[in-house]
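Data block below; observations after.
So that the names make sense, note that chain A is the first sequence line, chain B the second, and so on, each numbered from 1.
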Amino acid sequence: MSVKLTDFQRKVYAAVSLIPQGKVSTYGLVAAYIGCGSARAVGQALKVNPFAPVVPCHRVVRSDLRLGGFCGSADEKALSQKRALLLSEGVRFVDPDTVHPDCLYTFT
DNA sequence: ACCGTGACGGCGA
DNA sequence: TTCGCCGCCACGG
């Protein structure tokens, strides 16, 4: 069965793939980069990301630098996995749910 | 084609 | 500073 993707999803995944490891970006920044006026729409595309974590959706967090969600949900179970992935890539946390500002990637 | 639903974000209280 | 409300927009039913 082929995975069906919308054009919007392709744009989102392409942009997210540009985020270097050890860094993170935000739903809003990704939206702005692909010319979409809605961070929520980006979140919606990522929550159904069939390529996780090949397409590094774990490197996308909320604009307040709190984690957001992972693997379709925002429960502690998913978030701890997201945190673990980021930590393994060198992303630092100022508290269990907030990444350090220096890791932010802004799409130049 | 219309409607409800969000892994969001900014702003006022 | 935290909380709630509302605007945003792609998607599936």
Please pick, from B:dC8, C:dA10, B:dG6, the nucleotide with the shortest atom-to-atom distance to any side-chain atom of A:Lys47.
B:dG6

Among A:Glu89, A:Gln81, A:Arg83, which residue satisfies the side-chain hydrogen bond (donor to acceptor under 3.5 Å, both in side chains) criterion with A:His58?
A:Glu89

At 4.0 Å (heavy atoms only), tell me whether A:Phe8 reaches a base, stays on the sugar-phosphate, or touches nothing.
sugar-phosphate

For B:dG9, does the base pair up with any side-chain atom of A:Arg40 as donor and acceptor (N or O, under 3.5 Å, distance only)?
no

So, does A:Tyr33 use its side chain to make a donor-acceptor pair with the main chain of A:Val16 at under 3.5 Å?
no

Take the protein atom CD of A:Gln9 and the nucleotide atom P of C:dG12, then report the distance between them rounded to whole Å.
7 Å

In whole Å, I'd like the distance from the NZ atom of A:Lys11 to the C1' atom of C:dC9.
12 Å

Any side-chain N or O of A:Ser38 below 4.0 angstrom from OP1/OP2 of B:dG9?
no

Nearest whole Å is fine: how far is B:dA7 P from A:Arg66 CZ?
13 Å

Using a cut-off of strictly less than 4.0 Å, decide whether A:Thr6 has a side-chain nitrogen or oxygen near OP1 or OP2 of C:dC11.
yes

Separation of C:dC11 P from A:Arg10 CZ (nearest whole Å):
10 Å

Please report the distance, rounded to the nearest Å, between CZ in A:Arg62 and C1' in B:dC8.
7 Å

Separation of B:dA7 atom C1' from A:Ile19 atom CD1, nearest Å, is 13 Å

As its Watson-Crick or G-U partner within any shown strand, both distances under 3.5 Å, B:dT5 has C:dA10

Given atom CD of A:Gln44 and atom P of B:dC8, what is their separation to the nearest angstrom?
11 Å

Rounding to a whole Å, what distance do you find between A:Tyr13:OH and C:dA10:C1'?
12 Å

Is it true that, when you exclude A:Arg10 itself, more than 12 heavy atoms of the residues, nucleotides or ligands shown sit nearer than 6.0 Å to its CZ?
yes

Indicate yes or no for a side-chain donor-acceptor contact from A:Lys82 to the backbone of A:Val60 under 3.5 Å, with no hydrogens or angles considered.
yes

Test A:Asp75 against A:Lys77 for salt bridge (Lys or Arg N to Asp or Glu O under 4.0 Å), laying out the working first.
CA-CA 5 Å; A:Asp75 55 48; A:Lys77 187 172 179 59; over 6 Å; no

